[in-house]
Amino acid sequence: MTELDADLDHIIPASVLPPFWAKLVVGFVSLVCFARSYDGDFVFDDSEAIINNKDLRADTPLGDLWHHDFWGSRLSSNTSHKSYRPLTVLTFRINYYLSGGFHPMSFHVINILLHGGISVLMVDVFSVLFGGLQYTSKGRRLNLAPRSSLLAALLFAVHPVHTECVAGVVGRADLLGALFFLLSFLGYCKAFRETGNKEGTHSTFWVLLSILLGAVAMLCKEQGITVLGLNAVFDILVIGKLNVLEMVQKVLHKDKSLEAINYNYYYSLNAWLLLCPWWLCFDWSMGCIPLIKSAGDWRVTAPVALWLCLIGLICQALCSEDSHRRRILTLGLGFLIIPFLPASNLFFRVGFVVAERVLYLPSAGYCMLLTFGFGALSKHTKKKKLVAAVVLGILFINMLRCMIRSGEWRNEEQLFRSALSVCPLNAKVHYNVGKNLADKGNQTAAIRYYREAVRLNPKYVHAMNNLGNILKERNELQEAEELLSLAVQIQPDFAAAWMNLGIVQNSLKRFEAAEQSYRTAIKHRRKYPDCYYNLGRLYADLNRHVDALNAWRNATVLKPEHSLAWNNMIILLDNTGNLAQAEAVGREALELIPNDHSLMFSLANVLGKSQKYKESEALFLKAIKAHPNAASYHGNLAVLYHRWGHLDLAKKHYEISLQLDPTALGTKENYGLLRRKLEQMQKKNV
């Protein structure tokens, strides 16, 4: 047993030291922490990565996963995020298939179980990091640090910074990457066996397997490739037993620019999230962290404190006379720093400055260093019970924070609102709160948050676009036009804003400007069915019927399930007397969208005018079965029966229609005509 383990004997009871019980405790605690998220919704990035990702559906060939990014876009596309995680997307696809659709519970349960499995695996990882590689004569590895490995694994299992990875479905990329990262590391450790004073032997099979698992980790999350660096550090320190002083001579960078100060400040914020994970946010962009613009900013002290701590740890790792301490500190720092490097902006720019999900693996290094710190504190103090109470208090508080934070990740409203107190200057937070309110129909409150988002970031074109849409719906067209015009001025290739500007200009009867806006939108997004649909509506308003039909046809070619475009084609052809063509289009549409009741209704109207009463009746009844409370469906079926001579049925459906919509003047008039006709028939019979 190591000296560190002996220092922790008053914190970890002997009854949980056997490997089975240690892993059982860690697994149970890790599941309890995040269990609240099991029945949560798809939130934040889940919509794009799961619901809107065509790679999850059976009609997308499996081979396409290897040519698409994490969000389902082709890697060669200019709009691609370039995040290549095909194995993670494959697990989403399997989830979708086994659960029979987009049922979030199954996705969340898998994430929770993955975190539990990783936490259990951490017991073995930490036992190697703390205790080294010692084997019995029969080849079984000895766990020389049972207390240290258990405490570090518990600290990892309950760390609140993991909530984003576990409670957010897209965090599965980090979970899978971490799982195979750890398996690769353990496989590499298994390749080497030290027996007494004999020279270590290695197994080619385990080395190759470790490399394969590292490749799998990289295909789950790009960060997985850093396992090669950790394996190299482990090889040097544990297998090769070399002095690594020269490895850290270039740690401190000489660049003293303000940009470097800001990046160092971001590193200190990541460190603070590990130290004090009570201050968590789903997004740290757009003003959440104001830039340091002067060397006199008090926040400069944060990176100074970080580097002082790191330099102190590095000096201890290099200069301590205790070889065991040197090895633990170096491996702990390696596990903290190496997996973080891809997100550090040192080698290439990444799309974020702070993100809780990238701390999943580095937190293992932090937990290792924290465990070492508790052991050292316990060794040098007589108040060992106080140290034990502090450790238990940290574990309990972190568990409580995990449960609270998991509850906040259950739905978007709670998640977005929880960020308002953490990052009140983050325009994206206000934007997401506004969008959530708008989706629920609370336009007045949504406007307030969208305005705040634009105030915080005057170039936030997506907030301008959404605010312009709401103002358009409220008929505040002048301000809507101003906002959308500003949005396309800031971002000239913003196709959605061009289309919405066209809709507003159409409402203002500025038809030429509207057509130009629609054309500009299509220029920037060639496959834009909704824009073709709106362009068709403009042409219909201008009585340019051929152009309208062509625009709607383009919309249905790009999006065969575009019900509104199909319906408008049928109605326009019907209104212009082209019944045969309207019927053909209607039948074509229903073949593609067989359960669309609005298409059934439109085609039924055409068939009724063509005196195909029986087929028309069948379609009307089918549409009513799908949507029984549509007054117009009953009213037009009544007109069909009226023409057909089934007057009693006509009377019945006129009355149902008027019950559903008493203000329908056309139905009232037709019902009045029918009643007079029935009265006349009764008089004749008398």
Side-chain angles (χ1 to χ4, degrees), residues 27 30-60 62 65 68-73 81 83 85-119 160-179 220-221 280-283 355-357 360 401-419 428-429 431-442:
S30 67
L31 296 178
V32 168
C33 283
F34 300 101
R36 282 193 71 190
S37 65
Y38 87 97
D39 61 347
D41 299 331
F42 290 122
V43 298
F44 196 38
D45 289 338
D46 295 347
S47 297
E48 290 301 315
I50 310 294
I51 299 173
N52 298 332
N53 192 342
K54 293 182 179 179
D55 286 345
L56 271 64
R57 297 172 187 172
D59 55 354
T60 301
L62 273 174
L65 270 63
H68 292 175
D69 66 15
F70 185 56
W71 313 95
S73 300
H81 191 270
S83 48
R85 304 163 193 171
L87 295 185
T88 302
V89 178
L90 180 61
T91 68
F92 290 153
R93 182 165 174 148
I94 294 171
N95 241 148
Y96 174 81
Y97 173 76
L98 293 179
S99 61
F102 293 115
H103 304 296
M105 182 182 292
S106 67
F107 289 82
H108 285 296
V109 168
I110 294 297
N111 274 27
I112 295 169
L113 292 176
L114 279 171
H115 175 66
I118 292 165
S119 299
V161 83
H162 298 157
T163 311
E164 180 176 356
C165 290
V166 182
V169 177
V170 295
R172 187 177 301 178
D174 299 89
L175 295 172
L176 288 171
L179 175 64
C220 293
K221 179 74 185 281
L280 301 175
C281 184
F282 72 93
D283 186 274
E356 293 155 26
R357 61 186 177 275
Y360 191 82
R401 180 59 175 138
C402 285
M403 293 176 186
I404 294 171
R405 188 62 178 157
S406 293
E408 292 172 348
W409 271 85
R410 291 181 66 189
N411 60 67
E412 289 191 334
E413 181 178 5
Q414 293 183 77
L415 178 64
F416 296 155
R417 287 190 178 277
S418 71
K428 194 171 183 180
V429 168
Y431 167 83
N432 278 290
V433 173
K435 186 174 183 298
N436 183 257
L437 288 166
D439 291 342
K440 293 182 176 181
N442 190 348

Heavy-atom donor-acceptor pair, [X] side chain to [Y] backbone, under 3.5 Å:
X: D69; Y: S73; answer: yes
X: N436; Y: N432; answer: no
X: S406; Y: R36; answer: no
X: H108; Y: A167; answer: yes
X: N411; Y: V43; answer: no
X: E356; Y: F282; answer: no

Enter the distance from [X]:[atom1] to [Y]:[atom2] here, rounded to the nearest 0.5 Å.
X: R85; Y: W71; atom1: CZ; atom2: CH2; value: 7.0 Å
X: D41; Y: M105; atom1: CG; atom2: CE; value: 10.5 Å
X: F70; Y: L65; atom1: CZ; atom2: CG; value: 11.0 Å
X: D174; Y: K221; atom1: CG; atom2: NZ; value: 3.5 Å
X: W409; Y: C402; atom1: CH2; atom2: SG; value: 13.5 Å
X: N53; Y: H68; atom1: CG; atom2: NE2; value: 9.0 Å

Please identify which of these residues, H162, E164, H115, meets the side chain to side chain donor-acceptor pair (under 3.5 Å) condition with Y360.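 Going through the options one by one, the only one that passes is H115.
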Of all heavy-atom pairs between [X] and [Y], which one has the smallest distance, and what is that distance?
X: A178; Y: I118; value: CB-CD1, 4.2 Å
X: S37; Y: I112; value: OG-CD1, 3.6 Å
X: D55; Y: R93; value: O-NH1, 3.1 Å
X: C165; Y: L175; value: O-CD1, 3.6 Å
X: V429; Y: C281; value: CG2-SG, 4.3 Å

Determine, stepwise, if the pair L176 / T91 fulfils side chain to side chain contact (heavy atoms under 4.5 Å, CB included). CA-CA 10 Å; L176 288 171; T91 68; 3.8 Å; yes
Give the C-alpha distance, both sets of side-chain angles, the deciding distance and a yes or no for side chain to side chain contact (heavy atoms under 4.5 Å, CB included) between I51 and D46. CA-CA 7 Å; I51 299 173; D46 295 347; over 6 Å; no
Is there side-chain contact between N111 and F34, with heavy atoms separated by less than 4.5 Å?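 No - every pair of side-chain heavy atoms lies 4.5 Å or more apart.
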Check the orientation of F92 and F107. Use parallel for under 30°, tilted for 30 to 60°, and perpendicular for over 60°.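 It falls in the tilted class, 30° to 60°.
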Test L437 against V433 for side chain to side chain contact (heavy atoms under 4.5 Å, CB included), laying out the working first. CA-CA 6 Å; L437 288 166; V433 173; 4.0 Å; yes
Quick one: do L280 and R401 satisfy side chain to side chain contact (heavy atoms under 4.5 Å, CB included)? Show the steps, please. CA-CA 10 Å; L280 301 175; R401 180 59 175 138; 4.0 Å; yes
Consider only side-chain N and O atoms of S418 and R405, and report whether a donor and an acceptor are under 3.5 Å apart.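 A donor-acceptor contact under 3.5 Å links the two side chains.
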Over 12 non-hydrogen atoms of neighbours within 6.0 angstrom of OH in Y38: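 No, because the 6.0 Å sphere around OH of Y38 holds 12 heavy atoms or fewer from other groups.
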List the atom pairs, donor and acceptor, that lie under 3.5 Å between side-chain atoms in residues 97-104 and the rest of the protein, sequence neighbours left out.
from: S99; atom 1: OG; to: N95; atom 2: O; distance (Å): 2.7
from: S99; atom 1: OG; to: G101; atom 2: O; distance (Å): 3.0

Which residues pass the salt bridge (Lys or Arg N to Asp or Glu O under 4.0 Å) test with K440, not counting sequence neighbours?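 For K440, the residues satisfying salt bridge (Lys or Arg N to Asp or Glu O under 4.0 Å) (neighbours in sequence not counted) are E413.
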Could you check whether R410 pairs with D39 (Lys NZ or Arg NE/NH1/NH2 to Asp/Glu carboxylate O, under 4.0 Å)?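 A salt bridge is present here (some side-chain N lies under 4.0 Å from a carboxylate O).
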